[in-house]
Amino acid sequence: MAASEFQSLQGMSDIRAPEIYLWRMIEDEARKLFNCYGYEELRTPVLEKLSVFKRSIGDTTDVVQKEMYAFKDRGGRELAMCPEGTAGTIRHLAGCGEEGLNARVFYIAPMFRCERPQAGRKRQFHQVGVEATGEPNPLADAECIALQQNLLEAWGLVGSKIQISTRGARSDRQPVADGLREALQPHLNNLCEDCQRRIDENVLRVIDCKNEGCAKIVDQIPSALEFMAEESRQYLDAVIQALEKMGIEVEVNPKLVRGLDYYVHTVWEITHDALGAQNAIAGGGRYEIALGKKAVPGVGFAVGIERVITSLETCGITAEQFAPKGGIWLISLGEDALAENMKLARQLREKGNRCGMELADKSMKAQMRKANREGAEIVIIRGEDELAKGTVVVKDMEDGSQEEMNLEDVIRNA
RNA sequence: GUGAUUGUAGCUCAGUUGGUUAGAGCGCCUGAUUGUGGUUCAGGAGGCCGCGGGUUCAAAUCCCGUCUUUCACCCCA
């Protein structure tokens with residue numbers, strides 16, 4: 001709380017115990033599950049050439065235009081900190097030749113976006129995401145969504161909703177934009193200010209405007225899907241059918257808009273009510289990204305760890321549940337016992353025991369209090385008497401019982 | 001980028017119309033006869049009142065700036 005000259009940056013926070021226990025659970029469960037699905041971990045640099053993001057996410061998107069940490073380094077090179085994970089991943093895979101066109105990778109990494117912080121939005125935030133490259137195939141998309149659902153389940157998250165839609169093939173973009181514009185034209189004067197601007201810049205944004213008046217108008221006009229080629233709609237249907245076979249329910253929402261340029265065909269979003277205005281905990285879709293000679297097709301998703309954590313908390317899942325517990329606490333009475341206990345602690349720790357002790361000469365009462373506070377299950381007491389006899393007193397903190405035991409036996413049974 | 005909002009002890013917060021040594025609860029430390037925790041009781045330590053300016057005899061309190069917190073818009077995970 002103490003604000004100082006050397007405080008951390010706005011929207012960037014330090015993560016420590018107990019909260020960190022939840023982070024570790026999330027990461028551990030993710031790695032386990034990704035292994036089951038045959039995904040390998042990929043760690044890409046935080047910094048990339050600015051062009052990587054411009055080219056893949058899109059030059060005109062808000063993410064690139066107003067949210068990135070972009071700067072020139074000492075050599076005048078234009079760089080940016082990754083605002084999302086797909087671009088860097090595909091930049092890597094695009095350089096892997098044949099192998100990169102049929103890969104399954106996942107990442108757990110920090111992302112950076114220079115926006116004003118608010119609920120569920122940090123300037124440094126963290127995502128766990130996957131990418132599976134390969135030619136468009138509805139089954140691949142369905143499997144990716146299945147993986148995502150399994151992931152949320154593995155974390156114990158309940159109450160999330162999945163919405164799905166399609167952006168159609170690239171060739172559908174123009175007809176969709178034209179079609180929507182034409183349909184909206186008669187209502188132009190009734191749209192909100194933003195939408196009057198958006199109708200030219202990015203019609204799709206009009207579709208998901210939260211303004212009530214705009215929403216009503218949008219309900220009256222045909223959905224974007226109706227301006228797409230038949231094959232594009234069939235592709236979405238195939239994904240939905242495959243999901244149904246796996247027992248995964250989705251809500252089709254033609255108004256779902258995903259802003260990044262690289263998406264084609266299937267797009268989806270997971271929302272959770274716990275979150276407030278930023279209610280998406282995960283988003284994904286099929287894409288096509290040209291960062292090399294050949295465009296890399298693939299499908300993937302990313303989950304926001306911070307947002308998952310707030311959602312988990314409303315499910316009653318807390319960090320404390322994953323806190324390390326129990327262990328042994330050593331109590332030393334006198335300097336000799338203290339020195340000997342240092343040795344004992346080392347031996348116990350070498351055998352994998354969680355073991356703590358006071359390193360200063362404190363009263364027994366103080367040491368016992370600390371042992372209790374640290375949640376020790378067992379306390380080992382050593383004073384001059386025990387030292388002389390080669391024994392220790394072993395106390396069970398739960399029921400308060402204690403007995404004198406041979407030091408060797410204690411180490412052997414640890 | 002726009003509009004609100006916050007900052008006082010380790011934590012959660014009081015602090016009257018500007019006025020003397022800035023408070024509480026929890027936590028922490030020490031004790032309640034020699035080497036035994038979680039309960040109780042007694043005592044104690046601990047504060048650049050976010051930071052920098054200004055007004056005033058006098059500022060935690062009023063004014064300006066700045067950083068930060070939280071929230072919304074925009075957009076996204």
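Naming convention: chains lettered A, B, ... in sequence-line order (proteins, then strands); numbering from 1 in each chain.
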Practice task
Begin from the C-alpha positions of A:Glu131 and A:Thr86 and carry the test side-chain hydrogen bond (donor to acceptor under 3.5 Å, both in side chains) through to its verdict.
Solution key: CA-CA 7 Å; A:Glu131 313 293 349; A:Thr86 304; 2.8 Å; yes
Across the strands shown, which category fits [X] at heavy-atom distances under 4.0 angstrom: base, sugar-phosphate, nothing?
X: A:Leu333; value: base
X: A:Gln402; value: base
X: A:Gly11; value: sugar-phosphate
X: A:Pro117; value: base

Problem - For atom CG of A:Leu9 and atom P of B:C67, their distance in whole Å - result: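 These atoms are roughly 12 Å apart.
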Problem - Euclidean distance, atom CE of residue A:Met357 to atom P of B:U36 [Å, nearest integer] - result: 19 Å
Completion exercise
Expected list for residues 297-316 of chain A near RNA chain B, using heavy atoms below 4.0 Å, is A:Ala302, A:Gly304, A:Arg307
Exercise for the section: Please work out which residues in residues 366-373 of chain A have a non-hydrogen atom less than 4.0 Å from an atom of RNA chain B and list them by number. Expected result: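 The stretch gives A:Ala366, A:Met368, A:Arg369, A:Asn372, A:Arg373 as the residues lying under 4.0 Å from the strand, ordered by number.
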Problem - A:Glu67 side chain, from C-beta outward: closest of B:G3, B:C73, B:C75 - result: B:C75
Exercise for the section: With the side chain of A:Arg205 defined as its heavy atoms from C-beta on, choose the nearest nucleotide among B:U36, B:C75, B:A4. Expected result: B:C75
Exercise for the section: Answer with yes or no whether A:Lys395 presents, from its side chain, a donor or acceptor under 3.5 Å of a partner atom in the base of B:U36. Expected result: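 Such a pair is found, so the answer is yes.
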Handout entry: Distance-only donor-acceptor test (3.5 Å): side chain A:Gln10, base B:C67
Key =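 No pair found.
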Problem - C1' atoms of B:G52 and B:A9, separation to the nearest Å - result: 23 Å
